[in-house]
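Notes follow the structure.
Note that the structure is a prediction, hence the values are computed from the model and not measured.
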Amino acid sequence: MPLSLRLSIADTLTLGNATCGFMAVYFTTTGILIPHLTGSDESGMARHSAATAVILMLCAAVFDLFDGLVARKLRSSPMGAELDNLSDLISFGLAPAYFVLVYGMVADDAHQRVAAVGAIVVLLAVVLRLARFSCVTLRDGVFQGMPSPFGALTVVSIVLLELPFVATLLAIIGTAWLMVSRVEYPKPRGPLAVAMLAWIVAAMGLLAAWAFDAPGGQLLLQTGCALQLVLGAVIPLFATARRVNNFRDNRREARAAQLP
């Protein structure tokens with residue numbers, strides 16, 4: 001094959017990301033939407049399918065984390081960056097937006113058309129964020145705006161919290177705004193990457209406990225979802241505080257250098 005069409009190990013992981021995103025849409029459709037449209041009352045099936053769909057999005061986030069690490073350690077093909085953006089669009093744009101759309105169709109207090117608008121906002125936010133990421137060069141170690149995997153998991157966490165519809169919609173729109181904002185988020189490298197992986201594994205455990213109706217599973221899931229929202233709000237505050245401190249240190253050094 002031509003060199004430009006050969007897939008590297010990192011590209012294979014990226015394709016795993018896209019596959020997980022597509023399968024999340026599949027389980028959301030077959031396990032939640034279709035039973036609702038056909039009048040089935042199998043709430044257990046819907047819970048299992050919702051958990052499976054979110055776990056698949058978490059698996060997509062793991063693939064997205066490792067494909068970047070592998071690409072830096074080994075190599076990536078000329079298609080690597082494009083494959084990454086397209087896969088992220090499926091797993092962290094389409095899948096969570098579709099999850100919001102289906103939520104608007106099956107929830108008792110939801111409004112389908114308004115939820116559809118919220119789903120479109122999420123999808124367009126991810127599209128704009130990925131396009132900007134390809135065009136804008138930032139200083140090393142930070143993202144501009146909430147990363148799309150983190151944003152997708154935050155959107156899904158908002159839905160799983162089962163808040164009133166208006167609060168859910170406002171929180172989803174706020175998350176979409178964070179994804180296209182200029183708020184800085186640190187890149188998951190070193191200890192932060194390990195912490196992120198541990199958090200994903202813990203989230204999978206919480207979803208499994210909820211899906212199998214374990215004692216306290218609902219409370220554990222809601223606690224994890226609430227923590228995801230808190231992290232989304234707190235992480236940029238730490239990044240901003242560090243930036244302010246660096247700016248102050250630079251000013252002090254410049255003033256000290258000007259003194260005789």
Side-chain angles (χ1 to χ4, degrees), residues 14-37 46-47 49-64 83-107 109-134 143 145-181 183 185 200 203 207 225 228-229 232:
T14 303
L15 294 178
N17 171 5
T19 303
C20 288
F22 174 77
M23 292 305 296
V25 173
Y26 169 80
F27 278 99
T28 304
T29 302
T30 58
I32 303 175
L33 180 59
I34 291 178
H36 174 75
L37 294 177
R47 187 169 61 247
S49 297
T52 302
V54 179
I55 287 174
L56 283 165
M57 293 184 213
L58 289 166
C59 290
V62 173
F63 279 119
D64 185 63
L83 286 175
D84 190 58
N85 275 349
L86 292 172
S87 297
D88 286 355
L89 179 59
I90 295 171
S91 299
F92 312 124
L94 175 62
Y98 186 70
F99 199 82
V100 172
L101 178 64
V102 172
Y103 154 75
M105 299 175 70
V106 304
D109 64 336
H111 301 277
Q112 181 177 336
R113 294 182 179 179
V114 180
V117 173
I120 292 172
V121 170
V122 171
L123 180 63
L124 294 182
V126 175
V127 170
L128 292 171
R129 200 220 172 287
L130 294 173
R132 185 179 66 183
F133 178 76
S134 300
F143 289 115
M146 180 183 286
S148 52
F150 199 91
L153 299 180
T154 303
V155 167
V156 171
S157 296
I158 293 168
V159 174
L160 293 177
L161 271 175
E162 299 181 354
L163 300 171
F165 176 72
V166 174
T168 298
L169 185 65
L170 291 176
I172 288 172
I173 293 175
T175 303
W177 175 82
L178 280 174
M179 284 193 279
V180 297
S181 70
V183 177
Y185 283 76
I200 289 174
L207 286 162
C225 291
Q228 174 73 27
L229 269 64

Show which side-chain atoms of residues 145-160 pair as donor or acceptor with protein atoms under 3.5 Å away, not counting sequence neighbours.
| from | atom 1 | to | atom 2 | distance (Å) |
| --- | --- | --- | --- | --- |
| T154 | OG1 | F150 | O | 2.7 |
| T154 | OG1 | Q228 | NE2 | 3.1 |
| S157 | OG | L153 | O | 2.7 |

Closest approach of [X] and [Y], non-hydrogen atoms and distance?
{"X": "M105", "Y": "H36", "value": "O-NE2, 3.0 Å"}
{"X": "A46", "Y": "I32", "value": "O-CG1, 3.9 Å"}
{"X": "G118", "Y": "V100", "value": "C-CG1, 4.4 Å"}
{"X": "A119", "Y": "A97", "value": "CB-O, 3.2 Å"}
{"X": "A95", "Y": "G21", "value": "CB-O, 3.8 Å"}
{"X": "A115", "Y": "G104", "value": "CB-CA, 3.4 Å"}

Result block: side-chain N/O donor-acceptor pairs under 3.5 angstrom for residues 162-178, not counting sequence neighbours:
| from | atom 1 | to | atom 2 | distance (Å) |
| --- | --- | --- | --- | --- |
| T168 | OG1 | L163 | O | 3.3 |
| T168 | OG1 | P164 | O | 3.1 |
| T175 | OG1 | A171 | O | 2.9 |

Between [atom1] of [X] and [atom2] of [Y], what distance do you get to the nearest 0.5 Å?
{"X": "T28", "Y": "M23", "atom1": "OG1", "atom2": "CE", "result": "10.5 Å"}
{"X": "R132", "Y": "F143", "atom1": "CZ", "atom2": "CZ", "result": "11.5 Å"}
{"X": "C59", "Y": "I200", "atom1": "SG", "atom2": "CD1", "result": "9.0 Å"}
{"X": "R113", "Y": "L101", "atom1": "CZ", "atom2": "CG", "result": "13.0 Å"}

Which pairs with one or both residues in residues 83-105 pass ring pair (Phe, Tyr, Trp, His ring centres under 6.0 Å), sequence neighbours excluded?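 Qualifying pairs, neighbours excluded: none.
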Validation row: L89, N85 side chains within 4.5 angstrom (heavy atoms):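 No, their side chains stay 4.5 Å or more apart.
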Go through the structure and list residues passing side-chain contact (heavy atoms from CB on, under 4.5 Å) with T14, not counting sequence neighbours.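 By the side-chain contact (heavy atoms from CB on, under 4.5 Å) rule, T14 matches D67, L83, D84, S87.
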So, using side-chain contact (heavy atoms from CB on, under 4.5 Å) as the criterion, who are the partners of F22 when residues are at least two apart?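 None.
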Side-chain donor-acceptor pairs of residues 120-128 under 3.5 Å, sequence neighbours excluded:
none

